[in-house]
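Structure record follows, encoded as structure tokens.
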Amino acid sequence: MHSSPRIQAHTFIRWMNNKLVKAQKPLVRSLVRDLQTAAPLIALVEVCRDAELPFKYHEECDTEEQKQENWRNFLNFMVEENVVDKEFSETSNEDIMGGNVKLILGLVWMLIQKYHIQAEDARRAMLDWIQVVIPQANIKNFTTDWNNGRALSALVDTCIPGAIADWNLLDENNAVENITTAMQIAEEDLSIPALLAPDDMANPEVDELSIMTYISCFNMQLFNNLLFWLRAKIPHRSIENLTLDWNNGVNLAYLVESLAPGSWDNLDDVSPDTAEDNIKKGLKLAYDALGVFPRVKVEELISHEISELSMATYMWQFRNSKITSGYAESTAQRCIASGLGLTRGTLGEPAKFTVHAGNAGVGELHVKISSPGSEPIMPLVEDLGLGEHSVSYVPTQFGDYIISVTWAEQHVPGSPFKAVVLGPPDVTKCALSGEGLHIARPGWPAEFLVNAQTAGVGHLTANIQGANSNPNVEIEEYSEGKFKGTYIAKESGDHDLFVYWSNEPVPGSPFLVHVEESLPPSAMIKTTGGRMLQSDTVHRAGDSIELDVDTQDAGDGQLAAVAIGPKGDAVPVEIIANRNRTFTLKLLTSKGGRYLVNVYFNGSHIPNSPFKVRVCNPEAIWAEGPGLMDSFVGDQGDFQVFTRDAGHGTLSVRVNGPKDKFRVDMWKGADRTVNCRYNPEVVGKYTVNIKWEDEHVKGSPYTIQVRKRPDNGVEGR
């Protein structure tokens, strides 16, 4: 994620002032200067909560003591509100007062998550929400997918139907103009301020948090549109909100029956006293009849713990659903499309993917593929039986292919897909960087980086030649189209480094590398212990990973450390000074993935730096699908496990039924999604255990009751 402090600061200030001006509070002009007293932030939270905070504060501070008192009371209250943790409250006070822009931006973003977006994982919650509100825009991120203005225009058109009806025909080359028009309509007709400049939004390196903050300003208008639609569908019911009015399941029952007549028997007998049964039945019938995926949990609805955004994400699916005359009608939402052919291909070679429609009922599969040119692409669709379909096509030219997959005239989840067929190798598009292109030390790892994302189809090779030795060069593709080369020179003197893309020398190759014999003081540093040295260990998110460092033999100097997290973000490393010039480094992990801990002495890496730390996070995994809900004998138990943010680890899925274990078929989907299927054959209770690194994921184990299907095929009849 690219982060621009300038864009973030501008966006966050506009958001704050939009709140403060309505309450006639002083506006913020500078995050550093105006927030030193904490008074604007206190006023902001009071506006967001529509209530005074439980402490008095100094609106104008004449002394440092008054500033510190404001910050101390405010941060203590933020701990109580679960906005920040106690460590942040105790350690960040002086840094924020001193103008630490990074901490200030982080604090404001935490306020936005808590009081504006109202979600702990704002990115996931907002992405789920936007994907159901404008599914045809195929949004997968909050950066590049918003650059050309089409997505923003689609959002505005959803808020004001007809405002930009032809948003999908907008010229991508007129990105700034498209965004400007959409922002003007939003500001004039919806009173949504333009929190960032159109040219910033059109920049491929746009700040993700700024986009999320701006897009979340549309939520209230969309919530109101949804409430208006719900009242029109069940006019005899009192619908005032998206949370409390749905916690007993009665309104859900009437909504399902309204959209799928005949699906809910004895509707008049539905009672608020049977809330759990109502909600369970409502979630299942909504899925069976309308393809509305059960994004909410029964216990969340009953206990009032569900957020307005989560409930709106679930309810908006009803707007997108196809109204049926009975819940036996098939729905494309039960189909699963997976395979590399949906995302990439090679010129002249078959690209393949699979569509699983075993639970989709009666329907017909249609696949339409649009090529970059005018030549039609005819896919080969093979029915494998039991709802399985194999699809293949052969790309005839380079560029983007749009793949439309529909079942019963409805798009399956994720459709339309975009597959990229790369062009021939173009070595001039390779970009190289890194110290290892120019200097190295005998016996020390030297590294260089190659970005070949726009260099077409190819492979990277490299070799280095010295006067008496030719060290091996290891190539690692650490991200799609991005490579890291590593070598260890065995002797001093000049070496020639040759780098090739598909056997063609990259620009600047061969590179003259000076290998110097002298060792820097950092080479004398010793690592004497700590879990960070256990490179084969998979740690848990939340663990504190330590490294003991001895600098006694290195002389005078400065020890420093910084870690790069799984998302490429900087993660602080605590350095604790012990006796005799020894130190303990502590890395506190919060996400799953690989961390690279760079440890420097006088600006140079110490031996074995950077240290690789592998972290798993079972809490970041979730599963959903009909296979995790009560069903009937003969239904396929399909569900998906989402592991994208889980980091390193192994997934295990076990299903135990009345007759011991059941076979579970598993296959990989896009974006580290794992598709799972089992076939319950007998009546009884089933337990689905989903574990990551031998730890249960969120919601696991699941208990499913499988019943015999009644003769009329309707539950409860």
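None of these values were measured; they are calculated from a predicted model. These numbers come from the heavy atoms of this one structure, side chains and all, not from hydrogens, waters or symmetry mates.
The salt bridge (Lys or Arg N to Asp or Glu O under 4.0 Å) check on R594 picks up E476, with sequence neighbours excluded. Take H366 and apply the side-chain contact (heavy atoms from CB on, under 4.5 Å) test, not counting sequence neighbours, and it matches E364, T406. Every residue was checked against the salt bridge (Lys or Arg N to Asp or Glu O under 4.0 Å) condition with R295, not counting sequence neighbours, and none meets it. Contacts of Q131 classified as side-chain hydrogen bond (donor to acceptor under 3.5 Å, both in side chains), with partners at least two apart in sequence or in another chain: none. Contacts of W246 classified as side-chain hydrogen bond (donor to acceptor under 3.5 Å, both in side chains), with partners at least two apart in sequence or in another chain: none. Partners of S216 by side-chain hydrogen bond (donor to acceptor under 3.5 Å, both in side chains), not counting sequence neighbours, listed by chain and number: H116. Not counting sequence neighbours, the partners of L267 by the side-chain contact (heavy atoms from CB on, under 4.5 Å) test are A253, Y254, E257, W264, V270. Residues that satisfy the side-chain contact (heavy atoms from CB on, under 4.5 Å) test with S590, not counting sequence neighbours, are Y595. Shown here are the salt bridge (Lys or Arg N to Asp or Glu O under 4.0 Å) partners of D543, two or more places apart in sequence or in another chain: R531. Applying the side-chain contact (heavy atoms from CB on, under 4.5 Å) criterion to S415, with sequence neighbours excluded, gives S404, V405, H411, V412, F417. Every residue two or more places apart in sequence or in another chain that forms a side-chain hydrogen bond (donor to acceptor under 3.5 Å, both in side chains) with N278 is listed here: T274. By the salt bridge (Lys or Arg N to Asp or Glu O under 4.0 Å) test, E276 is found to be paired with K280, residues two or more places apart in sequence or in another chain being considered.
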Checklist entry - Between W129 and F223, does a ring-ring contact (aromatic ring centres under 6.0 Å, His included) hold up when you go through it step by step? => result CA-CA 11 Å; W129 166 238; F223 292 172; 5.4 Å; yes
Checklist entry - Could you go step by step and tell me if M311 and L301 meet the side chain to side chain contact (heavy atoms under 4.5 Å, CB included) rule? => result CA-CA 9 Å; M311 193 61 184; L301 280 174; 3.6 Å; yes
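Checking side-chain atoms of D630 against main-chain N and O of Q705 turns up a donor-acceptor pair under 3.5 Å. Side chain of D145 to main chain of I139: no donor-acceptor pair is present (N/O by atom type, distance under 3.5 Å, no hydrogens or angles). A donor-acceptor pair under 3.5 Å is formed between the side chain of Y678 and the backbone N or O of G627. Between the side chain of D245 and the main chain of N251, no donor-acceptor pair closer than 3.5 Å is present.
Of the listed residues (T143, T144, N138), just one forms a side-chain hydrogen bond (donor to acceptor under 3.5 Å, both in side chains) with K140, and that residue is N138. The only option from N225, N219, N224 that meets the side-chain hydrogen bond (donor to acceptor under 3.5 Å, both in side chains) definition with Q221 turns out to be N225.
The shortest heavy-atom contact between I279 and N248 is CG1-C, 4.3 Å.
Atom CD of Q113 sits about 6.5 Å away from atom CE of M212, to the nearest 0.5 Å. Atoms CG and OG1, on N617 and T643 in that order, are 11.5 Å from each other to the nearest 0.5 Å. Expressed to the nearest 0.5 Å, how far CH2 of W316 lies from CG of L226 amounts to 6.0 Å.
Side chains of H356 and E388: a donor on one and an acceptor on the other come within 3.5 Å. Looking only at atom types and distance, the side chain of S338 has a donor-acceptor partner in the side chain of W667 under 3.5 Å away.
A salt bridge is defined here as a Lys NZ or Arg NE, NH1 or NH2 lying under 4.0 Å from an Asp or Glu carboxylate O, and E693 with R614 fails to meet this definition. With respect to the salt-bridge test (charged N to carboxylate O, under 4.0 angstrom), the residues K284 and D288 qualify.
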